[in-house]
Every structure is written in structure tokens, then in C-alpha cells.
Amino acid sequence: MSEVKLAAETRTEFGKGAARRIRRDNKVPVVLYGHGTDPVHLTLPGHDLLLALRTPNVLISLDIDGKTSELAIPKAVQRDPLKGFLEHVDLLLVKRGEKVTVEVPVHTEGELAPGGNLLEHVLDALPVEAEATHIPEAVTVSIEGLEAGASIHAKDITLPQGVTLAVDEDAVVLQVLQAQVEETEGEAAEEGEEAAEA
């Protein structure tokens, strides 16, 4: 789990105009909330925040106005639908040792059994509970040799120590589907022969 330190500034201006001015300065309006405290409105450097958010569930160490330091994880990210820049980010305040529920990306390794089978990701991300400072970046599942009809359930996935499932253990995460074929090669060959005989 990577921890990224960012310098944050408290903001006193609100509304669309203020948000536009903040973004024009290559900064992003952010709201920090959690632990029953009042939401804190901040600005963060846009480029640094964008790089940090490339890591799922990144732990962000906020240096607020050079006075206080807080830990947070991203909770909601709004991007411009066309240009992709960050419009607004919600951060959730966390404490070291505290357990949080997050979704961790599911990665696969290996090859399915031959035969043109298709792998369906029923869950792209696995809901887990982990310490805020020890959230895994992803979980990796082997699909080596799986055939059509095979499923991998949440309980089949090996989780790092201290990480537990936050979803029904029988939930299907991945399943192998049989490729839909219009006609088999044998039928096509027979039809070809019949056409040749005619």
C-alpha cells in the first residue's frame, strides 16, 4: 500500500465560480469528511492528486496549511466527462489501525483451457475490510486451465493477512462462459460437400 503526501490548503470560497477559479490554478476542490467531524473544504494540487489517484485506494497524507496532518482515502472522484481532468474529490478521514471497507480491483493471471471460452468478471472489484494503512492495491486470481462452467467465488480468493471479505463468501467473482458458435466446423464441412455434390 502506497502512501502519498500532499500539501492541502483550506478554502473559504464555494460554488461553481470558485471551483472554476481553483481548477484554473491547476488545483482541485476537495472535501474531507469522516469520524463525525464537520466536513473540511480543501484544495489540492491537481497534477499530484491525479498521479496519486492512479493507485486504487491510495492512502493520502494531507499536510493542511502546514499546521495539521491527516490521513485519508479517496471516496468519490468526479472527472470531466470529455477532458478527463479532476473536477472534485471526496476524501474519507482515516486513522492508523482503523478498519475500513473498500473495493479492491481483481486481476487475473494464467490462461483459460483451450476452446475459445470467455472469462466474465461478475465483480471487477472485491469488497474487503482492511486496516486503512494496509489496504491491498489489488487481489490476483489464477484462471489457469479453467473450463466453461467454472466459477471463482469470493471465498476462493486468497487475501493478504489482516484483510477480510466484506461480501457474501459465495458471491461469484469470475465465471467462465462457453463461446457462442454459429455452427461447428463439422457442419460447415458437410454443407460444403453437399453443395459440391449438387
Side-chain angles (χ1 to χ4, degrees), residues 1-108 121 123-141 154 157 159-167 173:
M1 165 114 212
S2 54
E3 186 173 320
V4 178
K5 191 167 186 147
L6 294 177
E9 299 167 1
T10 50
R11 62 186 165 102
T12 52
E13 285 188 302
F14 306 101
K16 286 186 177 179
R20 271 197 292 272
R21 279 193 295 280
I22 289 167
R23 287 193 287 270
R24 223 181 353 251
D25 290 338
N26 294 319
K27 296 181 179 177
V28 180
V30 172
V31 176
L32 175 67
Y33 64 95
H35 293 290
T37 59
D38 289 335
V40 179
H41 298 269
L42 306 168
T43 60
L44 287 174
H47 183 68
D48 294 345
L49 182 58
L50 189 65
L51 291 177
L53 292 175
R54 287 186 177 167
T55 303
N57 299 314
V58 65
L59 186 65
I60 299 174
S61 174
L62 297 169
D63 179 9
I64 303 172
D65 296 328
K67 297 175 191 166
T68 57
S69 182
E70 297 286 3
L71 286 176
I73 56 174
K75 202 62 185 165
V77 178
Q78 292 176 1
R79 294 177 188 271
D80 179 272
L82 296 175
K83 296 180 182 168
F85 64 81
L86 295 173
E87 289 191 329
H88 184 271
V89 175
D90 285 344
L91 296 176
L92 180 64
L93 196 59
V94 295
K95 303 245 183 275
R96 291 190 190 277
E98 175 188 4
K99 294 254 185 184
V100 292
T101 301
V102 293
E103 292 194 347
V104 177
V106 177
H107 296 170
T108 58
H121 285 257
L123 294 178
D124 285 327
L126 187 67
V128 297
E129 187 178 75
E131 268 191 38
T133 52
H134 293 91
I135 299 170
E137 288 184 18
V139 291
T140 302
V141 181
I157 297 175
L159 298 173
Q161 189 173 348
V163 178
T164 56
L165 289 174
V167 66
V173 180

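Only a predicted model underlies this, so the values are computations on that prediction, with no experimental measurement involved. Computation of the quantities below employed the complete heavy-atom set of this structure, encompassing side-chain atoms and omitting hydrogens, waters and symmetry-equivalent molecules.
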*Asks:* Ignoring hydrogens and angles, write down the donor-acceptor pairs under 3.5 Å from the side chains of residues 38-52, residues two or more places apart or on other chains.
*Replies:*
none

*Asks:* Considering only distance and modelled atom types, tabulate donor-acceptor pairs under 3.5 Å from the side chains of residues 97-105, sequence neighbours left out.
*Replies:*
unit_1, atom_1, unit_2, atom_2, d
Glu98, OE1, His35, NE2, 3.1
Glu98, OE1, Lys95, N, 2.7
Lys99, NZ, Gly162, O, 3.2

*Asks:* Measure the OG1-CD distance between Thr164 and Glu129 for me, rounded to the nearest 0.5 Å.
*Replies:* 4.5 Å

*Asks:* Leu59 pairs by side chain to side chain contact (heavy atoms under 4.5 Å, CB included) with which of Val4, Val94, Ile135?
*Replies:* Val94

*Asks:* Taking atom CD of Glu9 and atom CG of Asp63, what is their separation to the nearest 0.5 Å?
*Replies:* 10.5 Å

*Asks:* Using the side chain to side chain contact (heavy atoms under 4.5 Å, CB included) criterion, which residues pair with Ser61? Sequence neighbours excluded.
*Replies:* Glu3, Lys5, Ser69, Leu71

*Asks:* Please report the interatomic distance CZ(Arg96) to OG1(Thr133), rounded to the nearest 0.5 Å.
*Replies:*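 Arg96 atom CZ to Thr133 atom OG1 measures 6.0 Å (nearest 0.5 Å).
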
*Asks:* Would you name the heavy atoms of Leu92 and Gly34 that are closest together and state the gap between them?
*Replies:*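 Result for this residue pair: CD1-CA, 4.1 Å.
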
*Asks:* If you look at every heavy atom in Val163 and Ala130, which pair is closest and at what distance?
*Replies:*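 So the two residues come closest at CG2-CB, 3.9 Å.
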
*Asks:* Could you check if a side-chain atom of Val31 sits within less than 4.5 angstrom of a side-chain atom of His88, using non-hydrogen atoms only?
*Replies:* yes

*Asks:* Step by step, would you call Ile60 with Leu91 a side chain to side chain contact (heavy atoms under 4.5 Å, CB included)?
*Replies:* CA-CA 9 Å; Ile60 299 174; Leu91 296 176; 4.0 Å; yes

*Asks:* Which value, rounded to the nearest 0.5 Å, describes the distance between Tyr33 atom OH and Leu93 atom CG?
*Replies:* 10.5 Å

